[in-house]
Structures are given as C-alpha cells and as structure tokens.
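This report refers to the structure that appears directly beneath it.
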Amino acid sequence: MNLAALIVTGDPALADGLLRLAAAADAHAEVAHGADEARPAWTWPALILVGADMAADVAAAGLQRRPGVVLVTGDGATAEAYRLAVEAGAQDVAALPDHEDWLVNAFAAACEPEGGWATTLCVVGSRGGAGASVLATALGLAAAGQGLRTLLLDADPFGGGIDLMLGLEEHEGVRWHDLAERRGRLNTAALRDTLPRTGDLSVLSWRRGEPAPVPDEGVRTLLDAAARGFDLVIADVPRYPGDVGRAALRSADVTFLLVPAEVRATVAADGLAAALRRDTADLRLIVQGPAPGGLTPDAVAHALELPSAGTFDRDRRLPAAMDEGALERACRRGPLTDFCAKILADLALQPYAYREAA
C-alpha cells in the first residue's frame with residue numbers, strides 16, 4: 001500500500017489519535033519519531049502532519065520545503081501555533097479535537113492521485129416504461145467495455161433496483177442505505193472496492209423494501225467521491241427526481257431525455273423538459289423507435305425544441321433479458337449497443353489512467 005501520510009511526533013497520544021483518524025479515512029499512515037527519522041520519506045507522501053512537539057526539530061533539520069505540511073496541536077490554533085507552523089514550513093494548522101473532520105478529509109484526499117473529474121450523465125424517460133433504465137445500464141456496460149471506470153447510479157428509490165438488471169442483487173456491497181449516515185469525504189478506492197460490480201462497471205442501487213432517506217450531505221459526499229474516482233457516472237433518474245435525482249441532475253454534464261416516438265410520450269416530454277431545464281444545464285433528446293403512428297424523430301425534436309443526440313429502435317430481446325438478470329449478455333450486440341457506442345464516441349471520454357498521465 002502506498003504511503004499517504006507521514007506523522008512526525010514524539011507524543012504517543014497524538015500519534016495514536018492521528019492514526020485513528022487515518023484509519024477512518026482508509027489511509028495508510030506511518031509515524032516518524034523525529035526529523036531524522038522522517039527525512040528519508042519526507043518527499044513521498046501527499047500529507048505530512050507535524051506535531052507541535054516536533055516543530056522546532058523539523059525546523060532545525062533543514063528539511064526541504066514542500067506542500068502538504070500541516071502542524072497539529074492540541075492547544076488550539078493560537079498565535080504561537082502559527083509561529084511554529086511558519087518555522088516548520090507548514091501551510092496549515094489543525095487543532096485537536098476541533099479539526100478532526102478536517103483531518104479525516106485531508107487523509108482521504110492524500111490517498112488519491114491527482115486526476116481529472118468524471119463526466120456525469122443523467123438519463124430520464126418521458127413516460128413510465130420508456131426504457132431509461134435500460135439505456136442507462138447499456139451505456140454503463142458499453143463504457144466499461146471500453147475501459148472506462150464507470151458508476152451506474154440508481155436515483156429512483158422506488159424503481160425496483162437497477163442492480164436486478166445485471167443480476168447483482170445478491171452481491172454483497174454498499175447500497176444507498178449504507179450511505180444514509182455518512183459524513184465527510186469518501187475514499188474513492190474504498191468506494192469502488194465496496195460497490196457491487198461487473199468488470200469496470202460499479203453499481204449503486206437500493207436495498208429491497210422501503211428505502212432509507214439519504215440526507216443531502218450523504219448524496220453530495222457520494223457524488224463528490226464518484227466524480228473523483230470514476231471516469232464516467234451515469235444516473236438513472238426518475239421523472240419525479242426527488243433529492244437524489246435532483247442532486248444528480250445538478251451535477252450532470254449532460255442529461256438525456258428518452259422519448260418513445262409516440263404522440264402522448266412527446267406531449268409528456270414537453271412538460272418534463274421544462275422541469276428538467278431548471279436543474280440541468282445541457283438537455284438533449286434521444287428518440288426511441290419504432291413509431292407506431294409514423295411520428296418521425298425530427299418531428300419530436302421540433303416539437304420539444306431540443307437538440308437531438310440520436311435515435312435507436314427498441315430491441316425486443318431486452319425485456320426477457322432484464323427479467324433474467326442477463327442484460328449484460330444481451331447488450332453485447334444489437335441496435336442499442338451500437339447507439340451507446342455512438343453516444344460515447346460523441347462525448348470523447350478518456351480512461352482515468354490516461355487523464356492522470358496527461
């Protein structure tokens with residue numbers, strides 16, 4: 001495991017307290033009991049925590065000035081603490097126990113490489129049964145198949161669970177219920193490791209039964225971790241989005257409104273599009289055929305005054321595949337698979353490792 005943080009202190013109580021906070025953030029931290037012991041690893045970790053008891057020792061050792069150094073004191077952020085911080089080359093001062101949450105977040109941030117932010121997509125159907133969940137899942141499978149670390153996020157607590165479509169309902173792992181009481185920064189590596197997944201596609205869904213309410217802070221924490229730890233986040237958002245769906249819409253780079261080529265679905269989409277525009281900046285239309293009455297995709301786009309992201313025909317194999325939890329196998333070929341590849345090509349997404357190297 002890579003060293004995320006180095007703790008420099010001769011105070012056993014302070015060392016134990018900081019190691020406890022590191023464990024809460026799933027961060028690997030080690031203790032150096034003096035400046036000479038810290039010297040060999042001084043430039044490695046993203047975070048250096050210098051106890052106030054070692055500030056003078058660090059200053060006298062002439063260690064290289066570097067970012068990410070924090071002075072930790074138990075006496076409050078006093079003028080003396082800031083004087084010691086300047087001497088030791090620290091950019092911040094953290095006082096215990098007042099700044100424990102800040103330190104947990106700092107440990108979590110130190111675990112993660114500097115990379116780009118994920119692209120976030122939302123998919124909304126203009127009517128029930130339009131196929132938005134299928135489209136969201138197919139997009140996730142296509143992206144994962146291209147090597148993109150992808151999170152499929154179920155924003156509909158009453159949708160039955162998007163994990164069912166992939167046969168992941170029995171897989172152990174985190175669901176929305178487990179994030180209901182979560183506070184502070186989430187470690188992205190830990191999140192990826194604990195979510196149910198198939199290949200590079202991770203899934204966050206709901207447990208069976210009555211869904212637990214997830215407070216705004218829990219939703220924001222999850223979306224922040226997802227943006228830092230994945231290449232692509234795809235949210236399946238219901239027509240009545242609720243708190244989770246609305247938060248996803250507000251974080252979305254693009255929202256796709258899926259409209260079957262039907263008059264009633266188009267009329268419903270008109271009102272829904274007006275509501276969606278209040279929460280999402282870039283709303284695009286996808287039309288699903290065939291059209292029973294001959295309604296063309298161009299006519300739907302004209303009626304809704306939305307830019308078109310394309311059209312595809314419904315695949316008759318998919319309803320049975322969904323019931324069997326075999327959507328992944330069914331999406332290996334077909335019109336929906338081809339369409340998803342086109343959408344991803346238009347977005348020009350890059351894998352996380354490539355973005356990090358760049």
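Values below: every heavy atom of this structure, side chains too, minus hydrogens, waters and symmetry copies. Nothing here was measured: the structure is a model prediction, and the numbers come from that model.
Leu47 and Val69 fall into different hydrophobic clusters, where Ile, Leu, Val, Met, Phe, Trp and Tyr are joined by side-chain heavy atoms under 4.5 Å apart, directly or via other members. Following chains of ILVMFWY side-chain contacts shorter than 4.5 Å, one can reach Trp176 starting from Leu151, so the two form part of one hydrophobic cluster. Under a hydrophobic clustering in which Ile, Leu, Val, Met, Phe, Trp and Tyr are joined whenever their side-chain heavy atoms come within less than 4.5 Å, directly or via other members, Leu295 and Leu258 fall into different clusters. Phe107 and Leu6 are not part of a single hydrophobic cluster, where members link through side-chain heavy atoms under 4.5 Å apart. Under the 4.5 Å side-chain contact rule for hydrophobic residues, Val123 and Leu306 do not share a cluster.
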(request) Determine, stepwise, if the pair Asp338 / Lys342 fulfils salt bridge (Lys or Arg N to Asp or Glu O under 4.0 Å). (result) CA-CA 6 Å; Asp338 295 340; Lys342 173 188 174 300; over 6 Å; no
(request) Start with the C-alpha distance between Phe339 and Leu344, add both sets of side-chain angles, then the distance that settles side-chain contact (heavy atoms from CB on, under 4.5 Å), and finish with yes or no. (result) CA-CA 9 Å; Phe339 177 74; Leu344 295 173; over 6 Å; no
(message) Evaluate Phe230 against Leu191 for side-chain contact (heavy atoms from CB on, under 4.5 Å), listing each step before the verdict.
(response) CA-CA 10 Å; Phe230 290 87; Leu191 178 65; 4.2 Å; yes
(message) Show, in sequence, the C-alpha distance, side-chain angles and deciding distance for Thr150 and Asp231, and conclude whether the side-chain contact (heavy atoms from CB on, under 4.5 Å) test is met.
(response) CA-CA 6 Å; Thr150 305; Asp231 299 311; 5.7 Å; no
(request) Start with the C-alpha gap between Thr119 and Asp253, add the side-chain angles, then the distance that decides, and say whether side chain to side chain donor-acceptor pair (under 3.5 Å) holds. (result) CA-CA 6 Å; Thr119 297; Asp253 297 285; 4.6 Å; no
(request) Output, in order, the C-alpha distance, side-chain angles, deciding distance and verdict of side-chain contact (heavy atoms from CB on, under 4.5 Å) for Leu103 and Leu18. (result) CA-CA 8 Å; Leu103 284 166; Leu18 291 174; 4.0 Å; yes
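Atom OH of Tyr82 and atom CG of Leu84 lie 12.0 Å apart (nearest 0.5 Å). Between Asp298 atom CG and Thr296 atom OG1 the span is 5.0 Å, to the nearest 0.5 Å. Atom-to-atom distance recorded for His171:NE2 and Arg197:CZ is 11.5 Å, nearest 0.5 angstrom. Summarising the geometry, atom NE2 belonging to His99 is positioned 12.5 Å from atom CG belonging to Leu21; distances are rounded to the nearest 0.5 Å. Distance check, rounded to the nearest 0.5 Å: CZ of Arg175 to OG1 of Thr194 gives 10.5 Å. Atom CG of residue Leu257 and atom CG of residue Leu276 lie 6.0 Å apart, to the nearest 0.5 angstrom.
Looking only at side-chain heavy atoms (C-beta outward), Val233 and Trp117 stay at 4.5 Å or farther from each other. When side chains are defined from C-beta on, Val58 counts as touching Leu63, because their heavy atoms get closer than 4.5 Å. Residues Trp206 and His177 are not in side-chain contact: their nearest non-hydrogen atoms beyond the backbone lie 4.5 Å or more apart. Arg264 places none of its side-chain heavy atoms less than 4.5 Å from the side chain of Arg127. Within the 4.5 Å cutoff, the side chain of Pro290 has heavy atoms near those of the Arg314 side chain. Within the 4.5 Å cutoff, the side chain of Arg284 has no heavy atoms near those of the Ser308 side chain. Inter-residue side-chain proximity for Leu222 and Leu153 is flagged as met; some heavy-atom pair is nearer than 4.5 Å. In this structure the side chain of Val70 never reaches within 4.5 angstrom of the side chain of Ile48, judged on heavy atoms.
Looking at Glu169 and Arg208, no side-chain N of the basic residue comes within less than 4.0 Å of a carboxylate O on the acidic one, giving no salt bridge. Note on Asp224 versus Arg220: no salt bridge recorded, every NZ/NE/NH1/NH2 to OD/OE distance being 4.0 Å or above. Under the 4.0 Å criterion applied to side-chain N and carboxylate O atoms, Asp16 and Arg20 are not assigned as salt-bridge partners. A salt bridge links Arg250 and Asp279; the closest N-O separation between the charged side-chain nitrogens and carboxylate oxygens is under 4.0 Å.
Taking each heavy atom of Ala35 and Ala61 in turn, the nearest pair found is CB-CB, 3.6 Å. The minimum heavy-atom distance linking Gly51 with Leu14 is given by the pair CA-CD2, 3.7 Å. Counting all heavy atoms, side chain and backbone alike, Ile343 lies closest to Leu139 at CG2-CD2, 3.9 Å. Minimum interatomic distance between Gly125 and Arg239 (heavy atoms only, all atoms of both residues): O-CG, 2.9 Å. In plain terms, the two heavy atoms of Ala247 and Val219 that are nearest each other are CB-CG1, 3.5 Å. Contact record, Ala22 with Ala29: CB-CB, 3.9 Å, taken as the closest heavy-atom pair.
No side-chain donor-acceptor contact under 3.5 Å links Glu30 to the backbone of Ile7. At least one donor-acceptor pair closer than 3.5 Å links the side chain of Ser205 to the backbone N or O of Ile162. Side-chain atoms of Arg66 come within 3.5 Å of backbone atoms of Trp42 as a donor-acceptor pair (strictly under, hydrogens ignored). Gln91 places a side-chain N or O within 3.5 Å of a backbone atom of Gly68 that can act as its donor or acceptor partner. Put simply, the side chain of Thr255 never gets that close to the backbone of Leu283: no donor and acceptor are under 3.5 Å apart.
Evaluated for a side chain to side chain contact (heavy atoms under 4.5 Å, CB included) with Pro238, the options Asp154, Val124, Asp156 yield exactly one hit, Asp156. Considering Val259, Leu285, Val287 as possible partners of Thr266, the one that fulfils the side chain to side chain contact (heavy atoms under 4.5 Å, CB included) test is Val259.
Counted within 6.0 Å of CG on Asp101, heavy atoms from surrounding residues, nucleotides or ligands total 12 or fewer; the atom is thus considered open. For Arg83, the CZ atom counts as densely surrounded, since its 6.0 Å shell holds more than 12 non-hydrogen atoms of other residues, nucleotides or ligands.
Listed by first and then second residue, the salt bridge (charged side-chain N to carboxylate O under 4.0 Å, His left out) pairs involving residues 37-56 are Asp36-Arg39 (not counting sequence neighbours).
A donor-acceptor contact under 3.5 angstrom links the side chains of Glu328 and Thr198, judged on distance only.
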